[in-house]
Amino acid sequence: MNTGGDIPDSVSDSFAIRLIQWQRQHGRHHLPWQNTRDAYRVWLSEIMLQQTQVGTVIPYYRRFLQCFPDMQSLASASLDEVMAQWSGLGYYSRARNLHKAARRIAGEHGGIFPEEVDAIRQLPGVGRSTAAAIAVFAFGKRAAILDGNVKRIFSRCFGIEGYPGEKSVETQLWQKAEALLPVKDENSMECDIETYTQALMDLGATLCTRAHPRCGSCPLRLECIAFRDNRVGSLPTPRPRKILPEREVALLLVVAQGRILLEKRPGTGIWGALWSLPEMQANENVIEYCMQLGINVRPMSQMGAFTHTFTHFRLRIHPLILQVISRSPDHLSPAALPQSGNQRIWMMPGDALKAAIPSPVRKVLLQYTFQTEPHEIPAMADD
DNA sequence: AAGTCGGGGGC
DNA sequence: GCCCCAGACTT
């Protein structure tokens, strides 16, 4: 027991103890993935939370668990079913890796989730920090995380300068993360690795925030270098600015008998393995392009163009509505599907909205279904 | 080390 | 507008 007034065994324990005590009083305790040691749920939450904020994840997490309550159900599902549940959450390689890992665990591990951090780390989509988080929350292992929250806390508390994405800076931060882990002691509540890890996440999310941190309530304010030197606003060092390149595409809404043509994207790359609309260069002739697909179309109307911003480029999207011209009554048959390397299918817009589609395509489809409803046509944003 | 992967929150 | 978020993977 570490009763009040005791001198802690080490400096690192003092750090951990402050955090743990703060977490018990002021931390978050009712997130949907807390209060369980089900490794499947812990793993799912950690993957969804990669580069995605808690508030965004929660509804996806609940829906996903409803569909796939355990490892076996996820492994048995088709990739398409998994992608449909992930649709809108972004970073779709996470979902592909999740599915691949589920099938690997069901096959190779006999459905049992691996307990050792090195084994967890071997799963696709699981890096060093995520493996540690799973090992901590599911199995109580002593392992260090280093996510965006922890990087921000450490760079401020210890006055570590330089962009944390830079290798040398990240190495320093990992070294701190390992060194500050509480000493494992089964008899001491003060060295609870789960509470410590959750404390780092909660402190970063609720107090040590990027903008307007609440330093007055912080359990680390007496030892925080950035607070002492009034540098909280300039640490961590921001990412170096870069100019985003801009690309331009046309998305084709090819309509026949109320159905639209969807095209499955390749398994890797942008929107990998998602259903999308046929895409062509914005300056291409749409009639000729569709002739190459083996379909005869008439341009109907244009929706307003809009811009979708990715991490590394901007995409200017021009949606075009096209009506198929055909005297044949069965041009919706499989044989009449346009030839292409990609899988294609005709779908009712309502069904397409339930499929695994990227957000900009959802936006176009919603706009289209709204336009075809019997009320006034609103002006599309932009342009 | 740098580039590739989304979408949304918050200001 | 801009920056960042419970990062991992490829080149």
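Lettering follows sequence order; numbering is per chain, from 1. Basis for what follows: all heavy atoms, side chains included, without hydrogens, waters or symmetry-related copies.
- For A/Thr130, the side-chain atoms get nearest to C/dA8 when compared with the rest of B/dG8, C/dA8, B/dC5.
- If you check every strand for non-hydrogen atoms under 4.0 Å, A/Gly269 touches sugar and phosphate atoms only.
- Among B/dC5, C/dA8, B/dG6, the nucleotide with an atom closest to any side-chain atom of A/His312 is B/dC5.
- Within 4.0 Å of A/Gly88, counting heavy atoms only, lie sugar-phosphate atoms of the nucleic acid but no base atom.
- Put simply, A/Trp271 has a side-chain N or O that comes within less than 4.0 Å of OP1 or OP2 on B/dG7.
- Checking C/dA8, C/dA6, B/dG6 against the side-chain heavy atoms of A/Thr52 singles out B/dG6 as nearest.
- On the P atoms, B/dG6 is 16 Å away from C/dT11, given to the nearest whole Å.
- Across the P atoms, C/dA6 and B/dG3 are found 24 Å apart, a figure rounded to whole Å.
- Judged by distance alone with a 3.5 Å cut-off, no donor-acceptor contact links the side chain of A/Ser359 to the base of B/dG7.
- Across all strands, A/Trp33 comes closer than 4.0 Å to base atoms (heavy-atom distances).
- When distances are taken from the side chain of A/Arg241 to each of C/dA6, C/dC3, B/dG6, the shortest belongs to C/dC3.
- Projected onto DNA chain C by closest heavy-atom contact, A/Arg314 and A/Val54 fall at different nucleotides, the more 5' of which corresponds to A/Arg314.
- Rounding to whole angstrom units, CG of residue A/Leu173 and P of C/dG7 are separated by 14 Å.
- To the nearest angstrom, P of B/dG3 lies 14 Å from CD of A/Glu166.
- Looking at the side chain of A/His212, the nearest of the listed nucleotides C/dA6, C/dC2, B/dC11 is B/dC11.
- A centroid separation of less than 6.0 Å is found between the aromatic rings of A/Phe113 and A/Trp43.
- With a 4.5 Å cut-off on side-chain heavy atoms, A/Gln50 and A/Tyr91 do not count as touching.
- Taking for each of A/Arg96 and A/Ala211 the nucleotide of DNA chain B with the nearest heavy atom, the 5'-most of the two is the partner of A/Arg96.
- Separation of the C1' atoms belonging to C/dA8 and B/dG9 is 22 Å when rounded to the nearest angstrom.
- Within the 4.0 angstrom heavy-atom criterion, base atoms lie near A/Gln198.
- In this model, a side-chain donor or acceptor of A/Arg210 finds a partner on the base of C/dC3 within 3.5 Å.
- B/dG3 and C/dC9 make up a base pair, with Watson-Crick or G-U wobble contacts both under 3.5 Å.
- There is a side-chain donor-acceptor pair under 3.5 Å between A/Ser87 and A/Arg362.
- In this structure, a donor-acceptor pair under 3.5 Å is present between the side chains of A/Arg316 and A/Thr307.
- Whole-Å rounding puts the A/Trp86 CH2 to B/dG7 C1' distance at 13 Å.
- When the C1' atom of C/dC9 is taken as reference, atom CG of A/Leu123 falls 15 Å away, rounded to whole Å.
- Closest to the side chain of A/Pro358, from the set C/dA6, B/dG7, C/dC2, is B/dG7.
- Rounded to whole Å, atom P of B/dG7 lies 11 Å from atom OH of A/Tyr91.
- Closest approach to the A/Pro238 side chain among C/dC4, B/dG6, C/dA6 is made by C/dC4 (side chain taken as heavy atoms from C-beta onward).
- The interatomic distance linking A/Ile120 (CD1) with C/dG7 (C1') rounds to 16 Å, in whole Å.
- Taking atom C1' on both B/dC5 and C/dC4, the two are 16 Å apart, rounded to the nearest angstrom.
- More than 12 heavy atoms of other residues, nucleotides or ligands lie within 6.0 Å of CZ in A/Arg37, so this atom counts as buried by the packing criterion.
- Defined by atom type and a distance below 3.5 Å, a donor-acceptor pair is present between the side-chain atoms of A/Asn149 and A/Arg152.
- Counting non-hydrogen atoms under 4.0 angstrom, A/Leu31 reaches a base of the nucleic acid.
- If you check every strand for non-hydrogen atoms under 4.0 Å, A/Lys242 touches sugar and phosphate atoms only.
- Atom CZ of A/Arg121 is separated from atom P of C/dA8 by 7 Å (rounded to the nearest Å).
- Place A/Ser168 and A/Tyr92 on DNA chain B by their nearest nucleotides, and A/Ser168 ends up nearer the 5' end.
- Residue contacts shown for A/Leu89 include a base, since a base heavy atom lies under 4.0 Å away.
- In this structure, A/Pro360 reaches the sugar-phosphate backbone alone: every heavy-atom distance under 4.0 Å involves primed, P, OP1 or OP2 atoms, never a base.
- Note: A/Phe310 and A/Trp271 meet the aromatic proximity criterion, with ring centroids under 6.0 Å apart.
- Candidate nucleotides B/dC5, C/dC9, C/dC5 were compared by shortest atom distance to the side chain of A/Gln51, and C/dC5 ranks first.
- Put simply, CG on A/Leu49 is 14 Å from C1' on B/dG9, counting in whole angstrom units.
- The closest donor-acceptor contact from the side chain of A/Thr36 to the backbone of A/Trp33 lies at 3.5 Å or more, if one exists at all.
- Contacts of A/Val126 with the nucleic acid, taken as non-hydrogen atoms under 4.0 Å apart, involve only primed sugar atoms and P, OP1 or OP2.
- The base of C/dA6 lies outside donor-acceptor range of the side chain of A/Arg128, with no N or O pair under 3.5 Å.
- Contact annotation: A/Arg152 reaches the phosphate of C/dC5 (side-chain N/O to OP1 or OP2, under 4.0 Å).
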